[in-house]
Peer 1: 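One structure is given below, represented as structure tokens, and several questions about it will come after.
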Amino acid sequence: MLDPKLLREQPDLVKRAALDKRVGSPEKVDQWVAVDLVRRNAQARADVLRAEQGKIGGEVGKLKGKLKGQLKDQLEGQLKSEASAELDGLLIRATDLKHQYEQAVHEQSEAETTAKELMLQLPAVPDPTWPIGKDDSENVEYEKWHDPSRPPRSGVASHVELVEKLGLVDFHRGVKLAGSRSYVMRGQGALLYNAVLKFALDMIVSRGYEPYVVPVLVSEACMIGTGYFPGGRDQAYITQDGSALVGTSEVPLASFFGDEILDESQFPIRMCAVSTCFRREAGAAGKDSAGLYRVHQFDKVEQVILHKADDVEHIALHEEITDNSRAILQALKLPYRVLKVCTGDMGQGKWRMYDIESWMPSRNSYGETHSGSALRDFQSRRLNMRYRKAGEKQAIFAYTLNNTAIACPRVLISILEQYQLEDGRIEVPEVLRAYMGGLETIG
RNA sequence: GGAGCUGUGGCAGAGCGGUUUAAUGCAUCGGUCUUGAAAACCGACGUGCCAGCAAUGGCACCGUGAGUUCGAAUCUCACCGGCUCCGCCA
């Protein structure tokens with residue numbers, strides 16, 4: 001959701017964003033501006049009518065009180081008093097006002113509904129220093145890293161071969177149980193899976209992030225509030241009760257303080273959670289269908305930060321939240337690169353966005369394992385999440401950020417393939433051994 | 001799953017069709033008094049939208065939505081949350 005003032009005063013900025021991001025359209029900006037004007041005019045009319053109606057209502061009340069007094073003195077059905085005639089006149093005027101008021105209110109609420117619908121589709125304006133581009137092919141590589149002892153490998157076995165040989169993943173039975181893009185982690189595979197998650201969680205918690213266990217089945221309001229609905233409706237599993245399975249715990253974490261006014265002294269609020277995530281992957285039919293890359297259900301450690309509305313701090317915290325992920329990959333000695341995600345690929349609400357891609361030998365390239373966004377007040381406006389500075393009256397919309405800490409099973413592709421030994425066994429990364437009972441090799 | 005109760009401002013709590021611009025108390029903030037503090041007294045004290053350069057003014061909001069009425073916190077209906085008891089089950 002955008003600042004309505006921005007839309008009224010600088011609609012061209014948002015139109016530009018619509019084109020750069022390929023979200024919404026310039027026409028929708030114009031439509032919003034038009035319908036917003038209709039709404040304001042209708043409200044101005046309705047307010048005046050309502051005030052008039054209230055006045056007449058008050059007079060009706062007084063007269064009725066008077067008439068009651070008179071009736072006590074007179075027998076029923078007796079002569080009509082002056083007051084009674086006046087009352088009839090008032091009631092006729094009041095009825096007329098009522099109809100006019102209803103019409104104005106109707107017009108106002110119609111316009112408001114349309115304005116809201118449009119607003120939910122409009123893009124936030126991206127940081128002008130961020131790359132402009134049409135899709136992921138124009139993302140800009142901005143940093144590359146690998147541990148000297150573990151450079152990117154190639155020409156080695158793929159994780160699909162490895163896990164089948166070692167019995168770490170059962171794809172066939174996964175599909176039997178749950179359909180395409182399903183899998184079952186098993187034995188040491190399951191241990192590795194949990195070890196990776198726990199390691200990442202501990203790392204994030206040690207850096208001052210408060211851990212949460214959150215619902216993964218949330219209300220539609222949370223999905224709209226975080227910006228996933230209505231645009232991404234077809235990517236989510238929705239229940240017969242209208243609730244939705246989240247694609248990331250960013251949704252419940254960012255929504256946690258929704259509809260609240262926080263105190264600035266609580267900021268920045270650093271949160272994290274490990275949760276199961278569900279994605280329909282609609283439109284990705286046939287893409288990455290083999291292996292652990294693109295699945296409907298996975299687990300992820302996610303980080304979320306809420307803080308004051310300040311661009312300098314926003315940038316600093318975006319770096320911080322990205323550094324946390326770098327640190328995890330570095331500890332795992334996985335080669336990675338960081339991309340500045342261009343406007344066409346960043347999505348509706350983002351101001352800045354980094355993707356981190358880890359090296360996956362079987363793809364002979366990097367594969368996206370992390371995604372970190374700076375959203376300024378896009379989500380907090382939708383969530384109605386504000387804060388107040390000490391001693392000040394004005395409540396301000398907070399800024400939000402989020403980033404992946406680690407996601408399983410996708411990152412296992414990099415680990416398994418990078419750490420495979422000549423004989424097909426897998427060396428366990430040192431930092432994970434403590435989480436696997438000291439196990440040094442798998443297989 | 002069955003039965004009953006309940007939802008009012010930061011909290012407590014009145015109001016149950018028209019002098020409600022929602023009483024009162026607590027909490028909070030400012031002031032008077034005081035060497036200082038406490039007490040006492042005085043005052044302020046919600047959110048959103050609209051008009052206006054502004055001062056300011058108007059409207060809406062009593063869980064949510066619809067309805068009845070000239071007029072709804074108050075009446076009707078639906079939904080949502082909370083509490084209690086019973087049943088079932090981790």
Side-chain angles (χ1 to χ4, degrees), chain A residues 1-9 32-72 80 83-120 213 215 217-225 238-244 252 255-266 377 380-398:
Chain A
M1 194 175 296
L2 316 185
D3 185 349
K5 251 191 228 152
L6 177 75
L7 273 167
R8 286 181 201 131
E9 290 165 14
W32 184 90
V33 170
V35 82
D36 177 58
L37 191 63
V38 171
R39 193 201 98 241
R40 285 146 76 194
N41 288 336
Q43 183 182 336
R45 253 183 300 133
D47 284 0
V48 170
L49 288 165
R50 183 66 168 163
E52 183 68 14
Q53 203 183 22
K55 257 180 232 161
I56 294 185
E59 288 174 42
V60 170
K62 268 183 223 163
L63 275 176
K64 284 219 168 171
K66 226 188 253 178
L67 282 171
K68 253 184 210 164
Q70 290 179 2
L71 278 173
K72 275 183 188 162
K80 286 210 162 187
S84 164
E86 199 185 336
L87 180 62
D88 290 344
L90 278 178
L91 288 181
I92 289 167
R93 271 178 64 202
T95 307
D96 181 47
L97 269 176
K98 178 196 180 181
H99 294 316
Q100 288 185 52
Y101 174 67
E102 276 171 352
Q103 205 182 327
V105 165
H106 179 74
E107 196 178 318
Q108 184 192 345
S109 68
E110 293 270 288
E112 203 167 332
T113 305
T114 309
K116 258 187 203 156
E117 265 169 31
L118 286 165
M119 179 68 103
L120 289 178
V213 176
L217 189 59
V218 301
S219 72
E220 192 179 43
C222 293
M223 297 299 281
I224 292 173
I238 299 172
T239 73
Q240 61 266 50
D241 301 318
S243 50
S255 303
F256 189 71
F257 291 108
D259 281 323
E260 293 186 33
I261 298 177
L262 301 161
D263 193 299
E264 194 189 14
S265 63
Q266 299 171 257
D377 60 0
S380 63
R381 281 181 181 276
R382 289 176 165 234
L383 290 164
N384 189 28
M385 176 170 65
R386 292 170 297 169
Y387 70 96
R388 228 192 294 269
K389 287 184 193 170
E392 284 191 22
K393 246 194 111 174
Q394 183 72 18
I396 307 163
F397 289 106

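Just so it is clear: chains get the letters A, B, ... in the order the sequence lines come, proteins before strands, and each one is counted from 1. These values consider heavy atoms only, across backbone and side chains, with no hydrogens, waters or symmetry-generated copies.
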Peer 1: Listed by chain and number, what are the side chain to side chain donor-acceptor pair (under 3.5 Å) partners of A/E52, not counting sequence neighbours?
Peer 2: A/R93
Peer 1: Pick the C1' atom in B/G82 and in B/C70, then give their distance to the nearest Å.
Peer 2: 37 Å
Peer 1: Got a list of protein N/O to nucleotides 26-30 of chain B N/O distances below 3.5 Å?
Peer 2:
none

Peer 1: Base, sugar-phosphate or nothing for A/R45? Non-hydrogen atoms, less than 4.0 Å.
Peer 2: nothing
Peer 1: Applying salt bridge (charged side-chain N to carboxylate O under 4.0 Å, His left out), name anything that partners A/R388, two or more places apart in sequence or on another chain.
Peer 2: none
Peer 1: For the residue pair A/P215 and A/P252, what are the closest heavy atoms and their distance?
Peer 2: O-CG, 3.4 Å
Peer 1: A/K116 has an atom NZ; how far is it from atom C1' of B/G48, in whole Å?
Peer 2: 11 Å
Peer 1: What residues in residues 256-266 of chain A put a non-hydrogen atom under 4.0 Å from any atom of RNA chain B?
Peer 2: none
Peer 1: Report the residues that fulfil salt bridge (charged side-chain N to carboxylate O under 4.0 Å, His left out) with A/R386, sequence neighbours left out, ordered by chain and then residue number.
Peer 2: none
Peer 1: For the P atoms, the ones on B/A78 and on B/G2, what distance do you get once it is rounded to whole angstrom?
Peer 2: 15 Å
Peer 1: Which atom pair, heavy atoms only, marks the closest approach of A/K389 to A/I396?
Peer 2: CE-CD1, 4.3 Å
Peer 1: Suppose you measure atom C1' in B/C49 against the same atom in B/A39; what distance do you get, rounded to whole Å?
Peer 2: 43 Å
Peer 1: Using the C1' atom in both, what is the distance from B/G13 to B/U24, to the nearest Å?
Peer 2: 8 Å
Peer 1: Under the side-chain contact (heavy atoms from CB on, under 4.5 Å) rule, collect the residues that match up with A/R381, sequence neighbours excluded.
Peer 2: A/M1, A/D3, A/P4, A/D377, A/F397
Peer 1: Hey, does A/Q100 have a side-chain heavy atom less than 4.5 Å from the side chain of A/Q103?
Peer 2: no
Peer 1: Using atom P of each nucleotide, how far apart are B/C5 and B/C75 to the nearest Å?
Peer 2: 15 Å
Peer 1: With sequence neighbours left out, write down each residue that passes salt bridge (charged side-chain N to carboxylate O under 4.0 Å, His left out) with A/E110, or none if nothing qualifies.
Peer 2: none
Peer 1: Between B/C16 and B/U8, how far is it from one C1' atom to the other, in whole Å?
Peer 2: 12 Å
Peer 1: To the nearest Å, how far apart are A/Q108 CD and B/C49 P?
Peer 2: 13 Å
Peer 1: Please state the P separation for the pair B/G63 and B/G25 - nearest whole angstrom.
Peer 2: 23 Å
Peer 1: Minimum heavy-atom separation for A/L262 to A/F257, with atom names?
Peer 2: CD2-CD2, 3.5 Å
Peer 1: Please state the C1' separation for the pair B/A22 and B/G15 - nearest whole angstrom.
Peer 2: 8 Å
Peer 1: Using the 3.5 Å cut-off, write out each protein N or O paired with an N or O of nucleotides 9-12 of chain B and the distance between them.
Peer 2:
none

Peer 1: Checking A/S219 now: which residues fulfil side-chain contact (heavy atoms from CB on, under 4.5 Å) with it, not counting sequence neighbours?
Peer 2: A/A221, A/C222
Peer 1: Quick one about A/S265 and A/D263 (side-chain donor to acceptor, distance below 3.5 Å, no hydrogens or angles considered), yes or no?
Peer 2: yes
Peer 1: Side chains of A/I238 and A/M223: closer than 4.5 Å at any heavy-atom pair?
Peer 2: no
Peer 1: Sequence neighbours left out, what passes salt bridge (charged side-chain N to carboxylate O under 4.0 Å, His left out) with A/D36? Give chain and number order.
Peer 2: A/R8, A/R39, A/R40
Peer 1: Do you know the tightest heavy-atom contact between A/R382 and A/I224?
Peer 2: NH1-O, 2.8 Å
Peer 1: Taking all non-hydrogen atoms of both residues into account, name the closest pair between A/V33 and A/L7 and its distance.
Peer 2: CG2-O, 3.7 Å
Peer 1: Stem list for RNA chain B, please, built from Watson-Crick and G-U wobble pairs under 3.5 Å and keeping only runs of at least 3.
Peer 2: B:1-7 with B:80-86, B:10-12 with B:24-26, B:28-32 with B:40-44, B:46-51 with B:56-61, B:63-67 with B:75-79
Peer 1: What string of B, S and - do you get for nucleotides 50-71 of chain B, 5' to 3', when a contact is any protein heavy atom under 4.0 Å?
Peer 2: SS------BSS---------BS
Peer 1: Give me the atom names and distance for the closest heavy-atom approach of A/V38 to A/A111.
Peer 2: CG1-CB, 4.1 Å
